[in-house]
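Since the structure comes first, as structure tokens, the remarks are kept for the end.
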2 protein chains.
Amino acid sequence: MDKLLVLFTLSGSLFALIFAFITARKVIKFPEGTELMKKISLSIRCGANAYLKRQYKIALVFFGIMFVVLGAMAFAGYLTPYVPFAFVTGGFFSALSGFVGMKIATLANSRTANACQDGLNKGLRVAFSSGSVMGFTVVGLGLLDISIWFFLLKFVFQLSNEAITSSMLTFGMGASSMALFARVGGGVFTKAADVGADLVGKVEVGIPEDDPRNPAVIADNVGDNVGDVAGMGADLYESYVGSIISACALGVAALQSIQAMALPMLLSAIGVVCSIIGTFFVRTKEGANQKQLLKALSRGTNFSAVSIAIISLPLVYFTLGKENWTIYFAILAGLVAGVLIGQATEYFTSDSYKPTKNLAATSETGTATIIISGLSVGMISTLVPIVIVAVCILVAYFVSGGANDSSMGLYGIALAAVGMLSTLGITLATDAYGPVADNAGGIAEMAGLDKKVRERTDALDSLGNTTAATGKGFAIGSAALTALALMASYIDKVKTLEGGAQKIADLSITNPTVLVGLFIGSCLPFVFAALTMNSVGRAAQSVVKEVRRQFKEIKGLMTGEAEADYENCIDICTKASLKEMILPTVIAVIVPIIVGLVLGCAGVVGMLGGATVSGFLLAVFMSNSGGAWDNAKKYIESGVYGGKGSDNHKAAVVGDTVGDPFKDTAGPAINILIKLLSMVSIVFAAIVVNFSLL
Amino acid sequence: MDKLLVLFTLSGSLFALIFAFITARKVIKFPEGTELMKKISLSIRCGANAYLKRQYKIALVFFGIMFVVLGAMAFAGYLTPYVPFAFVTGGFFSALSGFVGMKIATLANSRTANACQDGLNKGLRVAFSSGSVMGFTVVGLGLLDISIWFFLLKFVFQLSNEAITSSMLTFGMGASSMALFARVGGGVFTKAADVGADLVGKVEVGIPEDDPRNPAVIADNVGDNVGDVAGMGADLYESYVGSIISACALGVAALQSIQAMALPMLLSAIGVVCSIIGTFFVRTKEGANQKQLLKALSRGTNFSAVSIAIISLPLVYFTLGKENWTIYFAILAGLVAGVLIGQATEYFTSDSYKPTKNLAATSETGTATIIISGLSVGMISTLVPIVIVAVCILVAYFVSGGANDSSMGLYGIALAAVGMLSTLGITLATDAYGPVADNAGGIAEMAGLDKKVRERTDALDSLGNTTAATGKGFAIGSAALTALALMASYIDKVKTLEGGAQKIADLSITNPTVLVGLFIGSCLPFVFAALTMNSVGRAAQSVVKEVRRQFKEIKGLMTGEAEADYENCIDICTKASLKEMILPTVIAVIVPIIVGLVLGCAGVVGMLGGATVSGFLLAVFMSNSGGAWDNAKKYIESGVYGGKGSDNHKAAVVGDTVGDPFKDTAGPAINILIKLLSMVSIVFAAIVVNFSLL
């Protein structure tokens, strides 16, 4: 069984990686277009690479320090010696996921623009293929990391199952730390460049979006890649790996069997196959309209979801046996919940539905009302996902036999998260192609291609917004479930430590340390959101100043006689965002340790619960407010309420600008935060148990 | 002991009411000013009275229905027969508190304006006296209600101590329901009128604030009274009574003695005396500047706080005996925490400090950045109050002996809330005089008084903003502590019911029903905030339309030849706000019952915990964002960053408009919500225990 498991997981991983490789080769074969397009694409690629290089350098310092700290802890006997290495590999693979995704995205942008000259369908194929490369690289590397470590720990070091899962949780911490760097750094970069380019270019100077005269235009396009692509890749790598290993850990705790540990891995490996097959359904006939394209995309994701739902049933039956087969419904609940949250997200943020339409209407009475209403839409939109997650938790818990054995119930919750992310390969592909289309539009504009091309890339982009809503549903929903699973893993971990069981005996919500932990944990996402939004604000200010300077000092810039200094803007964004990404990550690592040392393990559990709940709410609120503002603006641009350039449109632009850091910086970063807090708590559990005050 | 207790509490109540009465007579003796001032004041008074009358009618229907429901439950044996009556009296006294406060405020506004003609000090005296009437009416009626019911239940119906506190908790529910009506209705009224008057008057037509030509100007002033005065009165009546009775209930649970129940009542009664003496310290010499006035106010509140801190020590010692005297530090912790939260609020929202100064600076880059930064300020400002409350909870719990006996610890937390509110008489006075000064300014403007008068009322008003920050600190802090105390009371209540103990046996945060309750509870404040903000938006839209209509249709309005139809604007605000206040209140009453019936008692506890934590965070966030925007705008108006009329100022006005429903509608309503949820849960506990699904 054990070796078969490694083989199976490794095969899943290799399938994914080979598929990604083949697809990448296909993408590269498409022609890049004119010399100018090549040049622009190269600038973007160079800027993005330069940024990542510097980001990795800073991450390296952080990982170096953490390696020493964890090494010292291992040396002192508080950790197994594998932990520091697992931590570093987690970070490495997370970074690699982002890097590969970005590499292909920056190669695909001009190719997509070029393909759009031939037609919408061809453009979709290039962009979607690029998204697939990223999607399957993420899952492939995730499974690779897991199977290698499992192999090493099981067969080389011959650890017990408990020790294996406990060590494996550490590479989750590495992955999450790296993901947070990537998300915050990339998120600040992209929004600073975006806001800077818009505020001076569009508003002050009055040139259109993506105009090559705008000194921040390349930085803006670089930002799409380092934020929306590299950041997302690292982020979802972390979600994927986190959900699998927390399920493995809880499976071992619940059933003490290798089978329980195998299920999440097998499920994910099969999910890869279903996702690969799904991608072949993403095809339409030439001349397809937007609706048909959306259908094509949905056909792919739906096929994958339905087939994994069907295959899971015998899989669960054969791995866990007939006494535990009902846990299958936990997986199903997770899958369904992911889809439903995605639909709820779409309802609240798409301009096909009432909330965003009404939001656009409030622009009639000015900026203040569209801001107030956008905040309301986001706040009220939390209700549906909360209810979905609540029902999913209850179903997953009780169908898994939680009523008799709570550890089985928690295993069920973790499996729901794995189920939700099992088709990540394809859902991420439909999500990640959006920024490629966005970039392609920028290149089409800058290279002065036919207007039709821009229209087609815009159609792809707006399609991407809809699929991104679904992707967000999966990301947020799985984050909440995984965070809960990790909280349960933390409790299990503490119980195994000497003197730990008594520290965690009273987890009642009326225990003041749990309660105080709950208060502090709930506060963290608020603080985190504030910090990242301030970071965007500060970074944007420096971009604004630089763009203003260039317009003033470079003569002939407006007439097109002189070229803007794009490099300098990229450099400023890079410096600013790298500076800003450090504090939030350090806070996320240090706070759980401090809370643990002061309040003890029960306080940590309270903190994790509070952070999960309030983080989930804040992430949904901020993502949906941001999405609704974005689409309300686009809706107005389509010609209603005065259209582009009207006062209503100006009000909507303010809404969209407020929404930018909401949905692309703070919101996604919170998703990572809530998991990183748990991972850090698990890794430092032994220290807390031994040295805490309370 | 028992009878002495009634006598003592009743004396405290009568002291307060007599002092309020005498002060009211003093206020009325001041002259009202010119005929025009009298006329304006009369219009405001009539509008406010008309609004309240209709509000009470709707509340009457609600209370009627609830009386029948509770009566039926009592008849079926799920409640004691006193409950329906207690519920109604709670609502009645809460409404009366608001009514009396508003009565005196609408009598004092023109008198304050008139007194300001003589000097700042005299103006302060009138306004502050009016605030005192409200403050002492609230505490007087609170203690009256408590002592009457205690007398009846103890001596007439001869109930046990447990049964007494259990029945008394019901009038808390009545008070909270009424307070929610008053806060939401009043909050929507005042902000709809304010936004409507500003958007059309200031922005579209370009006439100054409080210009008599603006049709919504009287409605705006009426709004200050029904929202900031009547709403606040009902609100703080609810906080005051809620904190006392929850402490009584937990005292009985912890020590099974009448002494433990007596302590909160005695503490409050003595607090009244300290507060009355404190008011005599609010005095300055003629020609005092603003700083000296602030000093005078602080001298009053500080004297009261210090004296109650000193007197509590022997009080605790003699009531609870030397084995429990350390609980004194819980009271002290509450007092100190209230002051510290107030100072933190001031730091984040006053333009004397960095956050608001920096916020004003972000107006340089436009509306979007001031919105983003304002939201950040609010979010990050949650950290300090969270830490203060966390420390207060831990201190209160452990000094009360919670380590050995958790019920003692919870009693300590409840006493911290009582300590925090013990000097409410005077803190509310310094808070409630603000709206009177605001109104006085409006009257001075409309009656065309000397510019100096307006300057003086503005000075009083801005002073009021500072003291209101402190008041808010007490309101928010005490709400969190009281909500926790009520949650503990709920658990005690369930335990006393047949079959209840087993339903509440596992309150561990890993219990899925607790967890799901936590998710749903945390979501409620978000939904609630969204609903109330939408209400303001909708109501403001109808005011905007009406004001536009009047400017268009009434000829000679702009030249002053014709008079605006003030009545119609008031009528529209009234109708809109009354319609909007129903849904939130009904939700707050129904949700805990539904959650209870589905998830059972453990789910309810989770819900209460979640609502308390996320409600606290959201209330602080929204209040402080709103406060910071308000003062950033005022800071710019003082002449920096371009001053009045500049683009920066316009951006700041948008921020202030967004902040209005944040700080004056949603924020305060959440404070009431979190307590009402607990009260409803307690009253319907028997139904839930008997009929819940899980």
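Below, chain A is the first sequence line, B the second, and so on; all start at residue 1.
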Item to check | Under 4.5 Å from any heavy atom of chain B - which part of A:Ile520 | outcome: both
Item to check | Evaluation steps, side chain to side chain contact (heavy atoms under 4.5 Å, CB included), between B:Leu599 and A:Leu394 | outcome: CA-CA 10 Å; B:Leu599 296 176; A:Leu394 289 177; 3.6 Å; yes
Checklist entry - What's the shortest heavy-atom distance between A:Ala390 and B:Val516, and which atoms? => result CB-CG1, 3.5 Å
Checklist entry - How many angstroms lie between CD1 in A:Ile371 and OG1 in B:Thr367, if you round to the nearest 0.5 Å? => result 8.5 Å
Checklist entry - Taking atom OG1 of A:Thr510 and atom CG of B:Leu410, what is their separation to the nearest 0.5 Å? => result 6.5 Å
Checklist outcome for this item: In short, A:Ser376 meets B:Ala530 closest at the heavy-atom pair O-CB, 3.4 Å
Next on the checklist: side chain to side chain contact (heavy atoms under 4.5 Å, CB included), that's the test. Do B:Val195 and A:Thr365 meet it? Break it down for me.
Outcome noted: CA-CA 11 Å; B:Val195 172; A:Thr365 36; over 6 Å; no
Next on the checklist: Holding to side-chain hydrogen bond (donor to acceptor under 3.5 Å, both in side chains), I want the full list of residues that pass it with A:Thr513, two or more places apart in sequence or in another chain.
Outcome noted: A:Asn511
Checklist outcome for this item: Scored by heavy-atom pairs under 4.5 Å with chain B, the best of A:Thr657, A:Leu617, A:Thr362, A:Ile380 is A:Leu617
Item to check | Nearest-0.5 Å distance, OG of residue B:Ser508 to CD1 of residue A:Ile491 | outcome: 6.5 Å
Item to check | Contacting region of A:Ser522 [heavy-atom separation from chain B under 4.5 Å] | outcome: both
Checklist entry - Roughly how far, to the nearest 0.5 Å, is the CG atom of B:Leu618 from the CE atom of A:Met379? => result 5.0 Å
Next on the checklist: Using heavy-atom distances under 4.5 Å, tell me whether A:Leu524 contacts chain B through its side chain, its backbone, both, or neither.
Outcome noted: neither
Checklist entry - Is chain A contacted by the side chain of B:Ile413, its backbone, both, or neither, given a heavy-atom distance below 4.5 Å? => result neither
Item to check | CZ-CD1 distance between B:Phe519 and A:Ile393, expressed to the nearest 0.5 angstrom | outcome: 4.5 Å
Next on the checklist: Considering only residues two or more places apart or on different chains, which pairs with a residue in residues 379-391 of chain A satisfy side chain to side chain donor-acceptor pair (under 3.5 Å)?
Outcome noted: A:Ser381-A:Asn624
Checklist entry - Is there side-chain contact between B:Phe662 and A:Leu375, with heavy atoms separated by less than 4.5 Å? => result yes
Checklist entry - Do A:Val613 and B:Val613 pass the side chain to side chain contact (heavy atoms under 4.5 Å, CB included) test, and can you show the C-alpha distance, the side-chain angles, and the key distance before you say yes or no? => result CA-CA 10 Å; A:Val613 172; B:Val613 172; over 6 Å; no
Item to check | Stepwise side chain to side chain contact (heavy atoms under 4.5 Å, CB included) check, A:Leu518 with B:Ile509 | outcome: CA-CA 10 Å; A:Leu518 201 64; B:Ile509 202 169; 4.0 Å; yes
Item to check | Proximal component of A:Ile386, with respect to chain B [non-hydrogen, under 4.5 Å] | outcome: side chain
Checklist entry - Do you know which of B:Thr369, B:Val389, B:Leu515, B:Val514 has the most heavy-atom pairs with chain A at a distance under 4.5 angstrom? => result B:Leu515
Checklist entry - Between A:Ile372 and B:Pro661, what is the shortest heavy-atom contact and its length? => result CD1-CG, 3.7 Å
Item to check | Which portion of A:Tyr397 sits near chain B, non-hydrogen atoms under 4.5 angstrom | outcome: side chain
Checklist entry - Does any heavy atom of chain B fall under 4.5 Å from the side chain of A:Phe621, the backbone, both, or neither of them? => result side chain
Checklist entry - Which residue out of A:Leu383, A:Asp656, A:Val377 racks up the most heavy-atom pairs below 4.5 Å with chain B? => result A:Leu383
Next on the checklist: I'd like to verify something: which residue of B:Ala368, B:Pro512, B:Gly655 has the highest number of heavy-atom pairs under 4.5 Å with chain A?
Outcome noted: B:Pro512
